[in-house]
2 protein chains.
Amino acid sequence: MSLRIALLGLLTVSGPSSGYDLAKKFEKSVAHVWQAGHSQIYPELAKMTADGLLAVGAEGARGRKIYSVTPDGQAELRRWLLDHSPSTTTRSETALQSFLVPLLEPDEAVTVLRRMKTSAQAHLAELEELRAARNAIADPAGRWGMFGAYALDLGIRQTRGVMEWADDSIADVERRSGTA
Amino acid sequence: MSLRIALLGLLTVSGPSSGYDLAKKFEKSVAHVWQAGHSQIYPELAKMTADGLLAVGAEGARGRKIYSVTPDGQAELRRWLLDHSPSTTTRSETALQSFLVPLLEPDEAVTVLRRMKTSAQAHLAELEELRAARNAIADPAGRWGMFGAYALDLGIRQTRGVMEWADDSIADVERRSGTA
DNA sequence: GGCATCATGTAAAAAGTTACATGATTTA
DNA sequence: TAAATCATGTAACTTTTTACATGATGCC
């Protein structure tokens, strides 16, 4: 379901686009909340067309297929946003590592936690770059000017949160082991 | 891979257990970082045994199979914790909704954001209850006393972060639409 | 002509979800 | 003895990942 919804949203904001375009845009925007490669996107677009959520316009150069959202598609997207309460469940390798880290010796645990902090820092840099790129283009007062913006903000806050948590956890491990 | 690792960790801390026990413990502890039902756990335990990571002890009452971690299993877990840097990618329906929410009218967006805050609040309550239950049993100075504790702390912080973000986003939507 | 990139797909495998199925034991 | 819960599994389906496959167009 979620992949459909992400595609409907992207297509709504971008206007009629090809699968290739959507795959590119996916990478550069939705990717920090949902991931999908072209091998998942192409078949899904076909299914969505079969289900009446999308329509294929004229085939462009090089056999490009230009998809656009039908009224049924618009309704589907609206319904999901308004009626569907999203599951709060997370599935995160980082969280799993943080769960298991007490199985290691204190010095090893500290190494692992430091690595997590470093990778959070790198992730933060990416998100902030994304935000800078967004701010350079989008007009926040425009029709869909805030599309993606709240999610980016959330991502940045969460990532900063991971960094703070890592610092505090490192300090805790050191205090407990008397290595401080 | 991650399911294996979660099972290895749980089995290390619990000591020899049956699939049924592990499924129960999964629900009550690892579940907030990784989810799996018994229909995924039973076959995975069988595969892990075939791969030499687990050993089956005597079959207990009612045909219970008691699994324990082999040295190979211990090594596998250690290796994953020490050498594997986890992907930072998130896949979250909540984040996807937050991404798409600007497609709605301001008042609708506010409704959706409020619902997210409410569900974060409920989730926070669950996590805090889990922590209370943990604190009542576990000795934080014991061998694996902090098993799961850092992850719980992270989850609680992240969930509080979502609540703050929701408040700020609601305020932002209202300010932009002049509904404040 | 060769290389990059545009553009679309399929196939196979792994992971995850939901539903079905069955039998043993405890407790009320 | 009926209901709850213990205990294990399989089957069907959906979703995701990784790899394979192919042809067109533009640029050097």
Side-chain angles (χ1 to χ4, degrees), chain A residues 1-8 11 14 16-28 30-51 54 56-67 80 84 86-93 95-96, chain B residues 1-8 11 14 16-28 30-51 53-54 56-67 80 84 86-93 96:
Chain A
M1 193 78 267
S2 295
L3 175 57
R4 270 177 183 227
I5 299 298
L7 289 170
L8 285 169
L11 210 41
S14 311
S17 316
S18 67
Y20 185 83
D21 290 341
L22 288 167
K24 287 265 155 147
K25 274 167 194 158
F26 222 95
E27 250 181 300
K28 286 174 188 160
V30 209
H32 63 99
V33 296
W34 205 269
Q35 300 82 46
H38 77 274
S39 67
Q40 209 185 345
I41 291 173
Y42 287 130
E44 187 63 28
L45 290 170
K47 265 188 264 170
M48 289 166 78
T49 306
D51 291 347
L54 301 182
V56 189
E59 301 215 356
R62 299 182 190 190
R64 288 170 111 239
K65 283 183 193 166
I66 307 298
Y67 292 94
W80 187 82
H84 173 74
S87 63
T88 39
T89 59
T90 319
R91 218 192 273 276
S92 151
E93 284 197 358
L96 181 58
Chain B
M1 192 77 269
S2 295
L3 176 57
R4 275 182 176 220
I5 298 299
L7 290 170
L8 285 170
L11 211 41
S14 312
S17 318
S18 67
Y20 185 82
D21 291 340
L22 288 167
K24 287 264 154 146
K25 274 167 194 159
F26 222 95
E27 248 181 302
K28 286 176 190 159
V30 209
H32 63 98
V33 297
W34 205 270
Q35 301 82 42
H38 77 272
S39 67
Q40 209 185 346
I41 291 173
Y42 287 130
E44 186 65 26
L45 290 171
K47 265 188 262 168
M48 289 165 79
T49 306
D51 292 348
L53 305 177
L54 301 182
V56 190
E59 302 214 353
R62 300 183 190 187
R64 289 170 109 239
K65 284 185 192 166
I66 307 299
Y67 293 94
W80 187 82
H84 173 74
S87 63
T88 38
T89 60
T90 318
R91 216 191 219 95
S92 152
E93 283 195 358
L96 181 58

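Only a predicted model underlies this, so the values are computations on that prediction, with no experimental measurement involved. Below, chain A is the first sequence line, B the second, and so on; all start at residue 1.
For the pair S17(A) and S14(A), the tightest heavy-atom approach, listed with the atom from each and the gap, is OG-CB, 3.6 Å. Looking at every heavy atom in both residues, G19(B) comes nearest to L45(B) through CA-CD1, 3.6 Å.
Rounding to whole angstrom units, NZ of residue K65(A) and C1' of dG23(D) are separated by 15 Å. Remark: P of dT17(C) and CG of L3(A) are 16 Å apart, rounded to the nearest angstrom. Note: CD (E27(A)) to C1' (dA7(C)) measures 14 Å, nearest angstrom. Following rounding to the nearest Å, F26(A) (CZ) and dA7(C) (C1') show an atom-to-atom distance of 18 Å. Taking atom CD of E93(B) as the reference point, atom C1' of dG16(C) lies 14 Å away to the nearest angstrom. Look at CG on L22(A): it is 13 Å from C1' on dA7(C), rounded to the nearest Å. Between the NE2 atom of H38(A) and the C1' atom of dA7(C) there is a distance of 9 Å, rounded to whole Å. What separates CD of Q35(A) from P of dT18(D) is a distance of 11 Å, to the nearest Å.
Atom CZ of R64(A) is separated from atom CG of D21(A) by 4.5 Å, given to the nearest 0.5 angstrom. To the nearest 0.5 Å, the span separating CG on L96(B) from NE2 on H84(A) amounts to 9.0 Å.
The salt bridge (Lys or Arg N to Asp or Glu O under 4.0 Å) contacts involving residues 30-50 of chain B comprise R4(B)-E44(B), E44(B)-K47(B), where partners must be two or more places apart or lie in separate chains.
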Could you walk me through whether R91(B) and T90(A) pass the side chain to side chain contact (heavy atoms under 4.5 Å, CB included) check? CA-CA 7 Å; R91(B) 216 191 219 95; T90(A) 319; over 6 Å; no
Nucleotide N/O to protein N/O under 3.5 Å, stretch nucleotides 22-24 of chain C:
none

For nucleotides 12-15 of chain C, print each protein N/O atom paired with a nucleotide N/O atom at under 3.5 Å, atom names and distance only.
| unit_1 | atom_1 | unit_2 | atom_2 | d |
| --- | --- | --- | --- | --- |
| dA15(C) | OP1 | M1(B) | N | 3.2 |

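Nearest-nucleotide mapping onto DNA chain D: of Y42(B) and R91(B), the residue sitting toward the 5' end is Y42(B).
K65(A) is not listed as a side-chain neighbour of S18(A), based on a closest heavy-atom distance of 4.5 Å or more. Using a 4.5 Å cut-off on side-chain heavy atoms (C-beta onward), L7(A) and L54(A) make no contact.
Partners of W34(A) by ring-ring contact (aromatic ring centres under 6.0 Å, His included), not counting sequence neighbours: none found. With sequence neighbours left out, Y20(A) forms a ring-ring contact (aromatic ring centres under 6.0 Å, His included) with no residue at all.
In this pair, Y42(A) and H38(A) present their aromatic rings perpendicular. The plane angle is above 60°, beyond the 30 to 60° band.
With distances taken from any side-chain atom of Y20(B) to the nucleotides dG9(D), dA7(C), dT5(D), the minimum falls on dT5(D).
Within 4.0 Å of R4(B), counting heavy atoms only, lies no atom of the nucleic acid at all.
At least one side-chain nitrogen or oxygen of K24(B) sits closer than 4.0 Å to the OP1 or OP2 atom of dC6(D).
One end of the helix from dG1(C)-dC28(D) to dA28(C)-dT1(D) points its axis 10° away from the other end's axis, with each axis taken from 5 pairs and the angle rounded to 10°.
One can find a donor-acceptor pair under 3.5 Å joining the base of dT18(D) and the side-chain atoms of S39(A).
Under the 3.5 Å distance criterion, the side-chain polar atoms of E27(B) are left unmatched by any main-chain donor or acceptor of Q35(B).
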